[in-house]
Every structure is written in structure tokens, then in C-alpha cells.
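Scroll down for the structure; my scribbles are underneath it.
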Amino acid sequence: MKFCVTTPIYYINGTPHIGHAYASTAADVLARFNRLDGKCVHFSTGTDEHGIKVARSAENANMDVNFFSDMMSAKFKQMSELMNISYDDFIRTTEARHICAAQKLWSLIEKDIYKSSYTGWYDPRDEVFVAESEIVNGIAPSGGKVEWMEEESYFFKLSDYQDKLLEHYETHPDFIAPTSRRNEIINFVKSGLKDLCISRSKFNWGVPVPNEEGHVMYVWIDALANYLTTFGFPANQVEAENKMANCIHIVGKEILRFHAVYWPAFLMSAGIKLPKRIFAHGWWTCEGQKMSKSVGNVVDPFEIVSKYGVDSLRYFMMREVRFGEDGDFSEDALKKRITYDLANDLGNLVQRVLAFIQKRNGQLHIDYNFSEEYMSLFNNSRNLISRIRELISKQDLSNALNVIWDLVSESNKFVNDIKPWELAKSNDPRLNSVLTVLCESIRAIAFGLASFMPETSTKIFRFMNIRGKSFKEIDDKFIDQIFPQPFPLFPKEK
Ligand code: MSP
């Protein structure tokens with residue numbers, strides 16, 4: 001009954017943008033869904049604060065690096081609040097608990113570590129060592145400028161893990177998702193793994209290597225260890241491993257290799273259980289172009305939320321592209337989703353049904369003895385969560401929203417066909433069962449939406465006197481009651 005989910009921890013050299021908001025929202029949807037489903041959830045996010053890139057950003061800002069980290073990390077925390085991210089733990093890699101966990105991990109993998117020296121290229125933008133063959137005119141695949149590096153370093157015997165990793169991918173076909181990315185990783189590992197440089201000795205902004213003055217851990221081993229820290233390692237190793245085994249790491253496609261190759265190799269070496277799954281999502285462009293500071297087209301979630309509201313942005317990001325694929329952000333596309341899906345479909349359904357009940361003094365008279373023709377909407381409402389559950393268990397988030405919108409459309413069509421206002425005029429006794437079925441469908445929709453659009457769904461729960469704490473409430477029958485006054489969910493002027 002445990003479900004753990006993590007976001008990548010974000011580099012603090014720049015301010016949060018829509019890519020960060022995206023990963024956090026997706027992980028949040030999974031966390032919220034599983035909580036409502038009765039699971040014991042641990043959801044972590046946080047900031048990745050060490051490494052040469054952050055040290056230089058602090059230097060450029062003329063700030064002490066500790067002060068700079070506090071300031072920048074706070075911005076990411078604010079982004080989490082802005083996006084309504086229901087994290088249980090916000091971890092910073094500069095915290096004492098993390099330094100302790102990272103050093104313990106190092107000591108557990110020590111048998112696979114040896115001292116040598118690294119001579120080659122380094123890309124500070126991605127904090128990654130790059131091969132000569134990947135460099136074009138001094139530029140790494142990330143678009144960053146490479147730098148020559150020559151220093152004494154520790155290495156991890158990654159080459160010893162090639163077969164063990166391939167065996168794990170083979171025996172755990174769901175370990176890496178989506179499948180296309182899984183195949184890429186398998187091919188990468190099959191092509192041969194070189195030992196990995198895991199310490200730096202020419203700067204000191206990092207976790208000190210145990211018993212070795214002058215070396216700090218390579219920022220990626222430090223960063224990956226955050227997942228153990230948040231699970232209570234090393235103090236509670238059994239609990240931490242249990243959480244790890246039930247954990248899904250949500251990561252962007254460009255950092256999948258670190259999570260699906262290096263991370264499991266470190267864990268295998270340390271004798272710690274591996275995560276359940278690593279899901280790689282795609283990248284957002286803006287109006288068809290790669291987002292970049294120099295082009296000036298980086299989408300700022302604070303700006304978008306202040307204009308359109310948090311649920312609109314969450315909905316757009318989760319619906320517009322299939323999770324795992326790349327997508328394009330534009331304000332036009334966002335506005336269309338708000339007008340058509342949110343205001344015209346969802347908002348209209350909720351408003352027309354609940355305002356209709358309100359006109360009858362808010363009185364809802366329940367009648368579950370309805371005729372065959374209402375059965376389909378009733379059954380689809382009652383089955384909505386199990387259909388979503390199936391999709392959410394595969395991280396198929398956009399299709400989960402498609403299924404909810406099918407029910408929204410079916411309910412709107414039901415209203416158009418049955419015309420409750422005409423039944424009311426003729427005092428037709430079927431009106432009570434029509435409204436009962438519609439309340440069932442709106443309640444199911446609100447529960448389905450609760451993980452994606454928590455504010456909107458809470459509003460609907462309030463309109464209908466629903467607690468909204470657990471999917472189990474859907475099994476309850478409505479009883480006669482008075483509903484409070486509803487208000488439009490997505491007012492037109494927005
Ligand atoms: N610090 C590392 C992660 C360590 S996890 C142990 C890192 N940080 S990052 O801030 O550069 O990126 C964090 C996440 O944001 C990555 O998963 C990345 O894919 C995501 N995104 C950054 N730009 C993005 C888009 N334009 N679109 C979607 N997500 C993107 O990497």
C-alpha cells in the first residue's frame with residue numbers, strides 16, 4: 001500500500017521555468033491520485049545545489065554560495081507552492097541529512113571505487129563528461145561549451161555492471177518507460193560502459209569524499225543520493241529500501257541515462273533495492289522554438305499562473321501532450337483549452353446542472369430508481385475511477401484526462417437530450433432521477449479531476465457537500481439535501 005514518487009531535484013543556477021513546473025505537476029498528479037486511492041504516499045522534490053555550475057553562478061552574482069543557494073532554492077519552493085505541489089519532503093542537497101546519506105552511499109560502494117585521474121572534456125551546463133566524438137566546434141550536445149579537465153579523480157567501476165544492468169532491464173520490463181526510451185537505454189548499455197569519474201578535486205562546492213581531503217563528489221552521485229536521503233537513509237535503511245522498491249522516479253528524457261544506468265549501478269553496488277520504475281517525460285518548446293534565456297522565450301510559470309490560474313496551466317500541461325512525448329507551449333493553445341475544454345465543456349456542465357438545482361431552492365431530491373436509459377451514464381460515472389486508475393498506473397496522464405472528458409461530453413449530451421427544464425415544467429417525476437444521475441456524474445468527474453486540478457475539484461465538492469478525501473466516497477449514495485449556491489468555475493472574462 002506504499003507509493004513513492006520523486007521529481008528530479010532542480011539546479012539552482014537559474015529561476016524555475018515551465019519544464020520544472022511540468023515534472024513537478026506530473027509527479028503531483030500521481031501522488032494525489034494514490035493518496036485518494038488510500039495508499040501511503042511519500043512524494044519528494046527539491047533542489048540540486050552543488051557543482052561547478054552553481055558555484056560559478058554564485059560567483060557571477062557576486063554572492064556567497066551558501067547565501068545564493070538559500071535564495072535560489074527558496075524560488076523553487078515558491079514554484080512548488082504556486083503549482084500546488086503536494087510534496088511531503090522538499091530536499092536540498094546542502095542539508096546535513098543529505099551530506100550524511102551521500103557519504104554513507106559512497107562508503108557502501110567503496111569496493112567498486114578506485115583512484116586515477118580524468119583527462120578529457122567536461123560540459124558544465126549539463127554537469128557531464130563528454131567524449132571527443134560528441135563535441136562539435138567546442139559545443140557539447142546540451143549546447144554548452146566544453147572545458148578541458150585534467151585532475152586526480154575517483155572512478156566507479158561502471159563497466160562491471162553492464163551485464164547486471166542488462167539482466168535487470170530484461171527481467172523488469174517496466175523498469176524504464178516509455179518503451180522507446182527503454183530501448184535507447186538498452187542500446188546504450190549494450191554498446192559498452194566505461195568507468196565513471198565520480199569525484200572532483202579542483203573546486204570544493206560539493207559533498208566531501210569521506211576520508212579524502214581535497215575531493216568532492218561528482219554532482220550527479222551527490223544528486224542521485226537525494227532519493228535515499230528523502231527516504232530516511234541511512235538511519236532507517238529498511239524503511240528507505242522499502243520506499244525505494246515502491247518508487248517511481250519522474251525525470252526528463254535528457255537525464256534518463258543518469259537514472260536508468262548510473263543510479264541502479266550505484267544501488268546494486270551498495271546492495272540497496274532498486275526503484276520500481278523510471279519514467280522519462282519529453283521536453284516543451286515554446287511557439288515551436290527551444291526555450292532559452294538568450295532567445296528570451298523561457299516560459300515563466302509565475303507569469304502564466306497569475307494570468308490564467310494554476311489549474312488551467314496544470315490542465316494544459318497534462319492534457320496537451322501524451323506524457324513521455326515532446327510538446328509545444330503557446331498562449332494561444334492554452335487559451336483554446338481554457339475556452340473549449342474548461343469553460344464550454346466542464347464549466348458549463350457543472351453550472352447548468354447545479355444552477356438548475358439552485359433555482360429549485362438548492363433542494364436535491366434523490367431517486368435511484370431510474371430507467372434503463374439513464375443506466376449508461378450512471379455506470380460510466382461509477383466506473384470512471386477504475387478506468388483512470390488503469391491509465392495512471394502506466395503514467396498515461398493525458399489519456400486519463402481524455403476519459404474524464406468523455407464523461408463530461410456524455411453528461412452534457414444527456415442534459416441536451418433529456419432537457420431537465422422541460423421535465424420540470426411538466427412536473428415529470430423522472431426529474432429527480434435525472435438530477436441524481438447527473439450529480440453522480442459530476443461527483444465522479446470532480447474526483448477524477450482532483451489529482452489534476454485540485455482547486456477546481458474542491459470547488460465542485462463544496463457545491464455538492466462532498467468531503468473529497470477518498471475515492472471510496474464515490475460508492476456512497478447521495479441523500480436528499482440542500483446544495484449551496486454554485487458560481488462559475490471558469491468565468492468568461494479570464
Ligand atoms: N539537477 C538535475 C537533476 C538531478 S535529479 C537527481 C537537473 N536539473 S535541471 O534543473 O536542469 O532539470 C530538471 C528537470 O527539468 C529535468 O528533468 C529536465 O528534463 C526538466 N526540464 C528542463 N527543461 C525542460 C523543458 N523545456 N521541458 C520539459 N522539461 C524540461 O537536470
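Order of appearance sets the numbers: ligands from 1, and atoms from 1 within every ligand. Nothing fancy with the numbering, it's 1 onward along the sequence. Side chains included, hydrogens not; waters and symmetry mates left out as well; all remaining heavy atoms used.
- Of the polar atoms of K253, none of the N or O atoms is found under 3.5 Å from an N or O of ligand 1, judged by distance alone.
- Distances between N or O atoms of D48 and those of ligand 1 include at least one value under 3.5 Å.
- Atom 28 (C) of ligand 1 has its nearest heavy-atom neighbour, among A23, G282, A21, in G282.
- For ligand 1, one of its N or O atoms has an N or O atom of G252 under 3.5 Å away.
- Counting protein heavy atoms only, atom 20 (C) of ligand 1 is closest to G19 O, 4.2 Å.
- Protein heavy atom nearest atom 23 (N) of ligand 1, with residue, atom name and distance: H17 CE1, 3.2 Å.
- Looking at H281 and Q395, their side chains never bring a donor and an acceptor atom within 3.5 Å of each other.
- Distances between N or O atoms of W284 and those of ligand 1 include at least one value under 3.5 Å.
- D300 CG to F302 CZ: the interatomic distance, rounded to the nearest 0.5 Å, is 7.0 Å.
- In terms of polar-atom proximity, defined here as any N/O pair under 3.5 Å, A223 makes no such contact with ligand 1.
- Any N or O atom pair closer than 3.5 Å counts here, and Y10 shares no such pair with ligand 1.
- Atom 6 (C) of ligand 1 has as its closest protein heavy atom Y227 OH, 3.5 Å.
- Heavy atoms of F258 found under 4.0 angstrom from ligand 1: none, in either backbone or side chain.
- Aromatic ring centroids of Y154 and Y218 lie 6.0 Å or more apart.
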